[in-house]
Amino acid sequence: MPDTIRRSEALRLMETKEKTQGEAAFFSIQFYTKNGEMVSVPRAKSAGLRANMKEQRLRGVQPVDSSGNAVGHIYPVCIDNIRTINGLQVTI
């Protein structure tokens, strides 16, 4: 199944801050909020949260524009609610 990615690999991809050439690493993501709404962010980067991300199983996602500048607010994303990343369906 080449169109799927394991959740552990997706989280590793999200935690990558820079590519080997020193430029920032971006990704696209779709996820569900805690009230069931699906959010699609075509270009994003990882961001910190004011919570214990490991204990609460959260990651911060910051939308960015084509230049890499932050746009909008940071979304707290539960790792169980990630639907796709870079067009690949996330499986457990």
Side-chain angles (χ1 to χ4, degrees):
M1 292 192 278
D3 55 343
T4 62
I5 187 172
R6 299 202 41 101
R7 182 172 55 192
S8 61
E9 290 296 320
L11 294 175
R12 192 171 298 123
L13 183 92
M14 288 174 67
E15 291 171 359
T16 303
K17 301 287 185 188
E18 291 183 348
K19 296 180 183 178
T20 56
Q21 297 85 11
E23 56 193 37
F26 301 113
F27 54 89
S28 65
I29 188 168
Q30 285 185 341
F31 59 90
Y32 295 102
T33 61
K34 63 181 176 181
N35 63 359
E37 177 186 354
M38 187 177 75
V39 177
S40 180
V41 181
R43 189 173 176 97
K45 66 178 181 177
S46 291
L49 294 173
R50 290 186 181 191
N52 187 336
M53 295 191 306
K54 187 171 182 174
E55 268 184 27
Q56 298 191 4
R57 301 171 60 85
L58 295 173
R59 297 297 183 271
V61 174
Q62 172 75 56
V64 295
D65 63 8
S66 60
S67 302
N69 300 319
V71 177
H73 66 284
I74 297 172
Y75 290 98
V77 178
C78 178
I79 65 172
D80 299 322
N81 294 343
I82 299 173
R83 182 171 182 246
T84 65
I85 189 160
N86 289 342
L88 301 173
Q89 185 174 2
V90 178
T91 60
I92 297 176

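Side chains are part of it too, since the values below use all heavy atoms of this structure and drop only hydrogens, waters and symmetry mates.
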- Hey, what do you get for CZ (Arg57) to CG (Asn81), rounding to the nearest 0.5 Å? 10.0 Å
- Message: Once rounded to the nearest 0.5 Å, what's the spacing between atom NZ of Lys45 and atom CD1 of Ile74?
- Response: 8.5 Å
- Would a 4.5 Å heavy-atom cut-off, applied to side chains only, mark Ile82 and Met14 as touching? yes
- Asp80 side, atom CG; Tyr32 side, atom OH - distance, nearest 0.5 Å: 13.5 Å
- Message: Test your reading of the model: is there a side-chain donor-acceptor pair from Arg83 to the backbone of Val90, 3.5 Å cut-off?
- Response: no
- Note on the structure: The reported gap from OG in Ser40 to CD in Gln30 (rounded to nearest 0.5 angstrom) is 4.0 Å
- Query: What's the shortest heavy-atom distance between Ile5 and Ala10, and which atoms?
  - Reply: CD1-N, 4.0 Å
- Shortest non-hydrogen contact from Asp65 toward Arg43: O-NE, 3.2 Å
- Message: Looking at Glu9 and Arg12, is there a salt bridge between them, counting it only when a charged N and a carboxylate O are closer than 4.0 Å?
- Response: yes
- Task: Indicate if Leu88 and Ile79 have the same hydrophobic cluster label, given that clusters are the connected sets of ILVMFWY residues with side-chain heavy-atom separations under 4.5 angstrom.
- Result: yes
- Note on the structure: On a heavy-atom basis, the closest approach of Ser28 and Pro42 is CB-O, 3.1 Å
- Atom pair CG/NZ of Leu58 and Lys34 - distance to nearest 0.5 Å: 9.5 Å
- Could you tell me whether the side chain of Pro63 reaches within less than 4.5 Å of the side chain of Tyr75, counting heavy atoms only? yes
- Asp3 versus Gln89: any side-chain heavy-atom pair under 4.5 Å? no
- Query: Considering all heavy atoms of both residues, which atom of Val61 and which atom of Ala44 are nearest to each other, and what is their separation?
  - Reply: CG1-CB, 3.6 Å
- Message: Taking the side chain as everything from C-beta on, heavy atoms only, tell me whether Val41 gets closer than 4.5 Å to Gln62.
- Response: no
- Query: Do Leu11 and Val39 share a hydrophobic cluster, counting only Ile, Leu, Val, Met, Phe, Trp and Tyr and linking them when any side-chain heavy atoms are less than 4.5 Å apart?
  - Reply: yes
- When rounded to the nearest 0.5 angstrom, what distance separates CG in Asn86 from CG in Leu13? 5.5 Å
- Item | Contact check, side chains of Phe27 and Ser46, non-hydrogen atoms, under 4.5 Å | yes
- Closest heavy-atom pair, Ile92 versus Arg7, reported as atoms and distance to 0.1 Å, is CG2-NH2, 4.0 Å
